[in-house]
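Hydrogens, waters and symmetry mates are skipped; everything else that's a heavy atom, side chains included, is used. Note on naming: letters A, B, ... go to the chains in the order of the sequence lines (proteins, then strands), and numbering restarts at 1 for each one.
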Protein chains: 2
Amino acid sequence: MTTGATVKRATEVSPWPKPEQRQRDRASKREAVLLRAVEFFNEKGFHATSLEDVAVSLHVTKPTIYHYFANKDEILFACVQRGLEEIRQAAEAAEQAGGNGLQRLHALLIDYAMMMSDGFGACVGRTPDHALSPESLSRIKALKRDTDVIVRRVIEAGMEDGSIAVADVRLTTFTALGALNWISRWYDPAGPLSKREIAEHSVDMLIGGLAARSHKVAEGE
Amino acid sequence: MTTGATVKRATEVSPWPKPEQRQRDRASKREAVLLRAVEFFNEKGFHATSLEDVAVSLHVTKPTIYHYFANKDEILFACVQRGLEEIRQAAEAAEQAGGNGLQRLHALLIDYAMMMSDGFGACVGRTPDHALSPESLSRIKALKRDTDVIVRRVIEAGMEDGSIAVADVRLTTFTALGALNWISRWYDPAGPLSKREIAEHSVDMLIGGLAARSHKVAEGE
DNA sequence: TAAGTCCTATACTCGCGAGTAAACAGCTGT
DNA sequence: ACAGCTGTTTACTCGCGAGTATAGGACTTA
């Protein structure tokens, strides 16, 4: 309060670390906690992971973690939020990209599937609603809706340009994303298939369907 | 040991309950615990459900539950096992039914999707691996494999008779069942769509694909 | 040197929920 | 009347993990 408004100077160099640097440190430590926590959550599950686990694996003690996060729920929220942020950015990029609706949806789903394999994206797929506090849950649901909206827009664009044909956009979105979300439940990095292979294969199946082209669907029966 | 071999009599009526009846009581109480437990698990999640919750809602106390089950893990195991049993029976019935591979797969997936909406089936979809003890998990995995094998057989039959065309049977199974498993995560009985509507819609999408028939897949690009 | 602040550790509290010990009621068969 | 079995209760133990009180070290600013 005693110092006046900041002023433009000839040089910004100074032997003293800038407060901005202090912030950076704090942010990077927060980040480290998040990265380690999401590993544990994905591996052992949220409930089976104690903050003690996370702390020890970072060579600190539990209160240090509480210096960066108010409580365990906030950590889980931050992980899921981060995952949804990554997904939303990928979805927006795919929507802006060129091509018809189907091509853009293809790109979107591939990115989505790859993100489900590990990290924050997998945390989105693996975190059940009841693991989050009611407040966090409602915020997460809002973020999920954002992604859904983008996906639906792309599908609707594809229906208009004739490249996509589905009966119900909402339900189709749930089914397609559900299939990809499930990857987070079984993908094993040590397995024979790479993230990319799984993503391409799954998405091809969702787009092309199971039926041979001549058979359409079992109607009339 | 004192009484000899049982003898055919003119009547079986008797004022005393048969030992068989006692067994029935025990079995039906075990069943009641399971039915109530799976409701809680599906609603609040396994970890958030205490056996106290289950006991109180059945108008008994916690030790009574331990009179029928050794521990909480055994209850969860029994729920998931039951769900997988239901699924396996439906899958076998669909496999035995008439029609080509695609028609049988269609019937199988419809049944599967409906089961994911509630009860023991939903518990299968909602229970993550790490909620089970290692021993229970390996038994559950074996049961899941049984179902997978049936599904794959039907898909392979469909490929041979030309009604189904997919690149990788194993991965296709995971993707299709994953899409349906996901129903257990979002289905709301109070919502606008019935179990049947959701099942039929989801399965139609998996079989027919998202792409309009003329568009196949975005290849060449 | 002294006050202030940021970060981290030691050493707790506290509640919850899984699981148990032990007693007791009721019914069965001797 | 009594021994025994089944099912149930009351009244616990016990450990774990979330979260906290508090102190101390390091570095900053005056």
Provide, to the nearest angstrom, the distance between the CG atom belonging to Leu76(A) and the P atom belonging to dA18(D).
12 Å

Between residues 51-71 of chain B and DNA chain C, which residues have a heavy-atom gap below 4.0 Å?
Leu51(B), Lys62(B), Pro63(B), Tyr66(B), Asn71(B)

Please list, by residue number, the residues of residues 30-47 of chain B whose heavy atoms come closer than 4.0 Å to an atom of DNA chain C; answer none if no residue qualifies.
none

If you look at every heavy atom in Val38(B) and Cys123(B), which pair is closest and at what distance?
CG2-CB, 3.6 Å

Check whether any side-chain N or O of Arg30(B) sits under 3.5 Å from a backbone N or O of Tyr68(B) as a donor-acceptor pair, and report yes or no.
yes

Under-4.0 Å salt bridge between Arg170(A) and Glu197(B):
no

Give the rounded distance in Å between these two atoms: NZ of Lys29(A) and C1' of dC7(C).
7 Å

Atom CZ of Arg139(A) with >12 non-hydrogen neighbours under 6.0 angstrom
no

Assign the ring pair Trp182(A) / Trp182(B) to parallel, tilted or perpendicular, where the plane angle (0 to 90°) is split at 30° and 60°.
perpendicular

Taking only Lys NZ, Arg NE, NH1 and NH2, and the carboxylate oxygens of Asp or Glu, determine whether Arg196(B) and Glu200(B) approach each other closer than 4.0 Å.
yes

Using 4.0 Å as the upper bound for N to carboxylate O, is an ion pair formed by Glu85(B) and Arg88(B)?
yes

Using atom NZ of Lys72(B) as one end and atom C1' of dC16(D) as the other, report the distance to the nearest whole Å.
14 Å

Within the structure, does a side-chain N or O atom of Arg26(B) lie under 4.0 Å from either OP1 or OP2 of dG7(D)?
yes

NZ (Lys44(A)) with more than 12 external heavy atoms under 6.0 Å:
yes

